[in-house]
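Shown next, in structure tokens, is the structure this report addresses.
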2 protein chains.
Amino acid sequence: MGHTRWLNDEEKRAWTAFTTAHALLYRRIEQRAKRKFGLSGLQYEILARLSDAPNRELRMAELAGALVNSKSGLTYQIGQMEKAGLVRRRSCPSDDRAVFAVLTDEGMALLERAAPDHVELVRELLFDVLTPDQVRALADGLGEVSRRMAAGPGGTRAAADRTAGSGAGAGAGAGAEVTADLGT
Amino acid sequence: MGHTRWLNDEEKRAWTAFTTAHALLYRRIEQRAKRKFGLSGLQYEILARLSDAPNRELRMAELAGALVNSKSGLTYQIGQMEKAGLVRRRSCPSDDRAVFAVLTDEGMALLERAAPDHVELVRELLFDVLTPDQVRALADGLGEVSRRMAAGPGGTRAAADRTAGSGAGAGAGAGAEVTADLGT
DNA sequence: AGAGTGACGTTCGAATTTGAACAACATGGA
DNA sequence: TCCATGTTGTTCAAATTCGAACGTCACTCT
């Protein structure tokens with residue numbers, strides 16, 4: 001516990017750029033999705049996560065972990081989306097505690113309409129601006145950051161798996177269906 | 001309006017890494033700050049932004065822009081912090097509409113106690129994991145992303161200035177006082 | 001079998017955030 | 001001077017988020 005290791009100028013730039021870019025980006029994406037499709041940012045992510053999950057369903061805890069959101073928060077949102085018919089709940093036969101959130105056809109249809117808009121915006125605002133090297137740095141660097149945080153305290157194991165894209169798993173669900181690409 | 005330019009695998013990795021890392025990081029930072037100092041994430045940022053602003057004060061709109069937050073949200077938080085004695089309001093003599101949020105000595109003292117913890121966490125979770133090249137990529141790439149978004153629609157001009165760290169301005173306030181480094 | 005431990009999803013109240021509407025003011029030109 | 005336009009900060013109701021407490025259940029060890 002020596003003195004604090006303060007950030008140098010470049011680290012400061014990196015930190016503000018990181019937080020500011022995220023805030024700005026997320027704000028735009030959310031506004032667009034809400035205006036054009038009535039979806040909040042979180043709701044879009046839920047649809048996307050479910051769409052490329054095996055069987056288009058995920059357990060609540062897994063979903064909460066992947067989205068880095070509280071359990072209670074997810075319960076609320078799934079409730080809203082269930083009212084809207086985008087998702088339905090299915091209790092797990094093998095484990096009475098578990099509940100699956102299942103993407104309905106209606107939810108899938110909405111996602112398919114919303115996804116092009118979403119992806120186009122992300123590309124335009126982020127990837128069209130970054131160089132290939134910078135994209136790789138993001139993927140590698142922040143990927144590692146996520147993995148470590150998810151592994152350590154406070155993190156949820158699910159978040160790590162999502163990020164890791166580890167080994168054979170990554171390619172498994174990708175490519176077979178249109179579904180696979182709607183995530184991002 | 002051609003087909004959607006979907007994301008390739010590396011872009012997908014980058015996107016999830018970006019959002020996940022931010023969510024995980026912010027969550028930890030907020031929990032720590034709240035537990036040890038009773039500060040929410042936004043409140044810490046407010047203190048930090050004010051601390052290295054000329055005169056330790058900023059107009060509400062500027063602050064809201066820099067933090068990428070809504071005006072009403074800032075009004076609320078400044079209200080809370082004013083109750084806590086961390087900040088006070090000062091009306092602008094030259095413009096009756098404008099209101100300055102001013103950092104009090106008490107607020108400054110709290111920031112000085114909280115900053116080491118904050119910075120240490122950011123360093124440990126982020127910068128200790130990234131390579132120097134990756135740090136530069138973050139600063140440059142996401143800096144440019146922020147700048148463009150702030151300039152375009154929906155963005156606030158203040159956010160751009162924050163990010164730009166342009167030219168001589170960056171060094172101006174840095175180094176002279178302890179104050180300058182508490183931001184990040 | 002039975003107790004202990006931990007995971008799961010929900011509920012609840014409090015805190016926060018959001019967006020639109022608003023009143024007061026500044027600024028520019030007719 | 002006076003009006004039109006755009007800003008600034010606040011208010012309000014509704015929506016969302018958070019954390020802790022709960023009830024239910026699975027799993028393990030004895």
Side-chain angles (χ1 to χ4, degrees), chain A residues 23 26-35 38-46 57-84 87-102 153-158, chain B residues 23 26-35 38-46 57-84 87-102 153-158:
Chain A
Y26 198 78
R27 175 176 286 271
R28 285 263 195 106
I29 288 173
E30 191 159 49
Q31 285 177 344
R32 178 106 137 221
K34 185 167 299 178
R35 185 169 47 79
L39 286 173
S40 76
L42 179 54
Q43 288 174 339
Y44 178 87
E45 287 192 70
I46 290 174
E57 64 182 10
L58 238 37
R59 300 213 331 231
M60 297 294 278
E62 264 191 288
L63 198 47
L67 299 170
V68 194
N69 257 302
S70 63
K71 293 181 297 177
S72 58
L74 185 61
T75 293
Y76 173 78
Q77 279 296 356
I78 290 292
Q80 298 299 308
M81 297 175 72
E82 201 170 20
K83 286 181 192 168
V87 151
R88 72 183 173 78
R89 284 175 212 254
R90 183 175 80 78
S91 54
C92 178
S94 66
D95 189 336
D96 284 341
R97 297 170 304 176
V99 172
F100 283 98
V102 189
T156 308
R157 173 53 70 301
Chain B
Y26 198 78
R27 174 176 287 272
R28 285 264 194 105
I29 288 173
E30 190 160 50
Q31 286 178 343
R32 178 105 137 222
K34 184 167 299 178
R35 184 168 47 80
L39 286 173
S40 76
L42 179 55
Q43 288 175 340
Y44 178 86
E45 287 192 69
I46 290 175
E57 65 183 7
L58 240 34
R59 301 216 325 244
M60 296 293 280
E62 265 191 287
L63 197 47
L67 299 171
V68 195
N69 257 300
S70 63
K71 294 180 297 177
S72 58
L74 185 61
T75 293
Y76 173 78
Q77 280 295 356
I78 291 292
Q80 298 299 308
M81 296 174 72
E82 203 171 19
K83 287 180 192 169
V87 151
R88 69 182 176 80
R89 286 175 213 254
R90 183 174 78 79
S91 53
C92 177
S94 65
D95 189 336
D96 285 341
R97 297 170 304 176
V99 172
F100 282 98
V102 189
T156 308
R157 175 51 65 322

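Residue numbers begin at 1 in each chain, while the letters A, B, ... track the order of the sequences. Scope of the values below: all heavy atoms of this structure, side chains included, with no hydrogens, waters or symmetry mates.
- Without hydrogens or angle criteria, Glu30(A) side chain to Gly41(A) main chain gives a donor-acceptor distance under 3.5 Å.
- Per the geometry, CD belonging to Gln77(A) stands 14 Å off C1' belonging to dT18(C), to the nearest Å.
- Rounded to an integer number of Å, the gap from OH of Tyr76(B) to P of dG19(C) is 17 Å.
- Rounded to a whole Å, the NZ atom of Lys34(B) is 11 Å from the P atom of dA15(C).
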Identify the pairs formed between an N or O of the protein and an N or O of nucleotides 6-10 of chain C at a distance under 3.5 Å, and give each distance.
unit_1	atom_1	unit_2	atom_2	d
dG6(C)	N2	Arg97(A)	NH1	3.0
dA7(C)	N3	Arg97(A)	NH1	3.0
dC8(C)	OP1	Arg59(A)	NH2	3.4
dG9(C)	OP1	Met60(A)	N	3.2
dG9(C)	OP1	Val99(A)	N	3.1
dG9(C)	OP1	Val99(A)	O	3.3
dG9(C)	OP2	Ala61(A)	N	2.6
dG9(C)	N7	Lys71(A)	NZ	3.3
dG9(C)	O6	Lys71(A)	NZ	3.4
dT10(C)	OP1	Arg89(A)	NH1	2.1
dT10(C)	OP2	Thr75(A)	OG1	2.9
dT10(C)	OP2	Arg89(A)	NH1	3.2

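- In summary, the side chains of Gln77(A) and Gln43(A) do present a donor paired with an acceptor at a separation below 3.5 Å, with no hydrogens or angles considered.
- Checking side-chain atoms of Glu82(B) against main-chain N and O of Gly79(B) turns up no donor-acceptor pair under 3.5 Å.
- At dT16(C), none of the side-chain N or O atoms of Asn69(B) fall inside 4.0 Å of OP1 or OP2 (strictly under the cut-off).
- Between Met60(B) and Thr75(B), the closest heavy-atom pair is CE-CA, 3.9 Å.
- A donor-acceptor distance shorter than 3.5 angstrom exists from the side chain of Arg27(B) to the backbone of Val68(A), with no hydrogens or angles considered.
- Residue Gly73(B) is classed as a base contact, given a heavy-atom separation below 4.0 Å to a base.
- Nucleotides of DNA chain D with any atom under 4.0 Å from a heavy atom of chain A span, from 5' to 3', dA15(D) to dA26(D).
- Nearest heavy atom pair, residue Ala64(B) against residue Ser70(B), reads CB-O, 4.3 Å.
- Side-chain atoms of Val102(A) and Val87(A), non-hydrogen and from C-beta on, never get closer than 4.5 Å to each other.
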